[in-house]
Amino acid sequence: MAIPISMPKLGMTMEEGTLLHWEVEVGARVEKGETLYVIESEKTEAEIEATAAGYLRHVYVEPGDVVPCGTLLAAIADAPDADFDPEAFRHEHDRATTAPEPSAPAPAPAPAPATDTRTEAGRRPVAPAARKLARELEVDLERIPGSGPGGRVTREDVRTYADLRASLVEVGGGVGLEVPRLGAGDPVLLLPGFGTDVSSFAAQTPALAEHHLVLGVNPQGVGLSDDPELDTHPVSRAAADAAAVIDGPIHVVGASLGAAAAIELALEQPERVRSLTLITPFVRADARLQAVTEAWARIAAECSPETLARALLPWLFSRDWLADDTARERGVRGLAASVARVRATALGRIAAGLRAWSGTRVDDLARIDIPTLVVVAGADLLTPNGAAVATAIPRAECLEVRQAGHAVAVEAAEVVTDRLLSHLAAH
Amino acid sequence: MSRKLSTGRAINEALAIAMESDPDVILLGEDVVGGGTLEADGVDEMGGVVGTTKGLVKRFGRDRVLDTPISEMGLLGTAVGAAATGLRPVAELMFMDFLGVCLDPLLNQAAKLRYMFGGKVRIPLTVRTLCGAGMQAAAQHSQSLYWITAGIPGLKTVIPSNPADAKGLLLAAIRDDNPVVFCEPKLILNQVGEVPEGDYEVPIGVAHLARQGGDVSLVGFGGTVPIALRAADLLAAEGIQADVLDLRSLAPLDEEAILTTLEKTGSLVVVDEATPRCGIASDVAALCVDRGFDSLNTPVRRVTAPHAPVPFSAVLEQAYLPSAERVVETVRALG
């Protein structure tokens, strides 16, 4: 039995890290809590402790290598000469970590849309003591990753999860949202798009955090946030949740579905919005957007996050960007990590909600009296009518990035970041 | 005050104290005097197969220390009758393996009489018996059959893990008005330890927490307590702190002590030198799953002998017995 060691994610914006050196030689003994290796990320070195005692059995990554968070770095085994198949172990690790929950083979006949096949996977092993503690602490066992043999959820796992949960922001009705924070200054609220978490703003977050307190809102069903049955369509729900997170007037930045929510927030509670930034916004989910979000939900239920990321890529990025192999593979990794943190059940409900949504009336946009920046992309297949939003909002400026797709904040990160910073500074 | 004694000498001391303090206490068994006929030749008596009762005949005389014929059925039948009619006998069944030829007096007489006579008779009988492996006594003289007596309603079964407990538990057993089987594990017979002087009892039915730790509970009794304590030392070197619970009494079983340590650690390994089926280890595991289910953070594991006769070969006998290393491996694999 070996224990995987993988590149940690030390902050909200960390996507990859450089392994600087191993502190322990292959074959040597290491105690739990002892420094095992040193990484560098975002110009900071960090000593990483061994998460278990044992012998460093195999290393997959050499000093100097740059790898995404979650990449398998090494294996710790019970004995220095324990039977060990590095490739099989890596395969097992990658399969386990790229699936947001222990993966289940999809049933042979395709299930109806919006059903979550992973709930049919059979029961995960859960220690009785963990079950009892989860009952006492009123946390959802289904959402707790298991660290025991065979993925068994232990009492410690429940406690760790409950501690994390305690950091959630309550938005009413007993629903808690994960709201990662970074930096200090005038607060900025980030609302991610359909099926992604706040890491989709990773390119903007470090620069924003130099001047602002950045509050990223992981919507319901995303990351650690709760996933109750939606009682209303996702746009107004996301807007209400965002309103519940903030106190006074705040800069609101939304992308795609997050932008649609930001528009609703600006219409419903304009006094709480200091400035608006709408990245590839939409006011109506057209047939293509509906078709893509429904496919997205279904792939998420049936396939690995990487498969989902690869299927989404052509919808999110421009042709030029896709032509760059390096950028494309980096994009797959980042997107896969982000979509892995979204529950498939939540996606199905949000997609159904979008289909039922009647949209925001364009006439209403004229009522928005808030300084607004609209970012539109010339090669945006999903929400091509962003420019109309800019025209309809009286105090809106428009930044058009011609050579970018829907994920313009990733594809043209610098341009978007610079303009966003100057927009926030001006208001 | 205390001094160091072996378990065998501690038992001998308990017998002497019991006989001194109560004239109704008698000893009977095969060779409990042993060799007494040679007194005239100046040859000392054997005092039983391993010398445990040596010296008692000189002190208390032949009326109170009785050699019986080689008939366990006759010996135990006599003892039950003596207990029912006013004496407080301590019978020695040389090896627990011999239970096969004398079960009826225990199973159907000693264990049942008080119940069937509506409480009008008491059976203050103690049966001392050597049990377990570790002396190369082979398959017919090395079994741990306490699971049989512990499973019979109306019998108590106790098993010490050290000299001090052996003395106190035996005194409590002799003074109990009910039949008690007192097991003497060969693994601890020559173990030497501090034994308090004078008259004291270790209460029957109360387990003892022999070591405190918060990560895992090791439950043992008799010869497996020293094994569990050694395992706890090895585990401590790996940063795992173990509770070691010494059951001391198999019937009645201190269920609350087991459930308390389980609740504290969430993980329990029970170590028993007997065979694994229908035994004390299984009984403890069942208790954990039944009454302690919500405390379980890992599966309950049993470390026992295999389902096989005890081998004669010293090497095989060691491999047969549970070891500290096996306990450590089992704990490591709990995850």
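Just so we're on the same page: letters track the sequence lines, and every chain starts at 1. Hydrogens, waters and symmetry mates play no part in the numbers below; they use all other heavy atoms, side chains included.
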Chemist: Using a 6.0 Å cut-off, check whether atom CZ of A:Phe84 has over 12 heavy atoms from anything other than its own residue.
Modeler: yes
Chemist: Return yes when atom NZ of A:Lys32 has more than 12 non-hydrogen atoms of other residues, nucleotides or ligands closer than 6.0 Å, and no otherwise.
Modeler: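 No.
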Chemist: Check the surroundings of atom NE2 in A:His21: do more than 12 heavy atoms from other residues, nucleotides or ligands lie under 6.0 Å from it?
Modeler: yes
Chemist: Minimum heavy-atom separation for B:Ala333 to A:Pro149, with atom names?
Modeler: O-CG, 4.3 Å
Chemist: So how far is it from A:Arg131 CZ to B:Leu296 CG, rounded to the nearest 0.5 Å?
Modeler: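 Reported to 0.5 Å precision, the distance equals 12.0 Å.
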Chemist: Show the numbers, then the answer: is there a side-chain contact (heavy atoms from CB on, under 4.5 Å) between B:Asp294 and A:Arg135?
Modeler: CA-CA 11 Å; B:Asp294 280 340; A:Arg135 246 188 341 258; 3.5 Å; yes
Chemist: Using non-hydrogen atoms and a 4.5 Å limit, figure out which bit of A:Arg152 sits close to chain B: side chain, backbone, both or neither.
Modeler: side chain
Chemist: In terms of heavy-atom contacts, does CD of A:Glu47 have more than 12 from other residues, nucleotides or ligands at under 6.0 Å?
Modeler: no
Chemist: Can you tell me how far the CD atom of B:Glu238 sits from the CD atom of A:Glu31, to the nearest 0.5 Å?
Modeler: 7.5 Å
Chemist: Is the number of heavy atoms from other residues, nucleotides or ligands under 6.0 Å of B:Glu263 CD greater than 12?
Modeler: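 No, not enclosed.
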Chemist: Keeping B:Asn297 on the side-chain end and A:Ala129 on the backbone end, is there a donor-acceptor pair under 3.5 Å?
Modeler: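 No, the answer is negative, given that no donor and acceptor are paired below the 3.5 Å cut-off.
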